[in-house]
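Step one of this worksheet: look at the structure below.
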Amino acid sequence: MISANEKNRLMRAYKHEPYTRVAVALKCAVLLAVIAGIVVIGMTGETGYHGSTRQTAVQHRDSAALAHARELMEERRERFEAAQKERREKAAASRSGEARAASPEPEINEVTLRRRASD
């Protein structure tokens, strides 16, 4: 707390500055005008900095990455489909008995097993 003497001294000091209220109000008005100016400049987009250039570069980079990803996906899909086709053909061939005729494998019987065991 302040004493009565300090209070009186401060009151006299403020009375000697009659423009205090006006100065505070003027400072607030100037500060609000500066803030409003910054907002208006930011909203117009004519700041000298072309943000659209940066945005275009980011979009280009993203589109290039997307194109590369699509190419990779397409290559992988083609390889997968080729492998699937090959598997289907082998399965169909094995079902029809063509696989054994196409790839000559020695028939394993008791004689063959005895020969292999003796080697």
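Computed over heavy atoms, backbone and side chain alike; hydrogens, waters and symmetry mates excluded.
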- Note on the structure: The reported gap from CD in Glu74 to CZ in Arg77 (rounded to nearest 0.5 angstrom) is 4.0 Å
- Task: Can you establish whether the number of heavy atoms outside Arg70 located under 6.0 Å from its atom CZ is more than 12?
- Result: no
- Measuring from His68:NE2 to Met73:CE, what's the distance to the nearest 0.5 Å? 13.0 Å
- Euclidean distance, Glu71 CD relative to Glu75 CD, rounded to 0.5 Å: 7.0 Å
- Message: What I'd like to find out is whether the side chain of Lys85 reaches to under 4.5 Å of the side chain of Glu81, using heavy atoms alone.
- Response: no
- Do Arg76 and Phe80 have side chains that get closer than 4.5 Å, going by heavy atoms? no
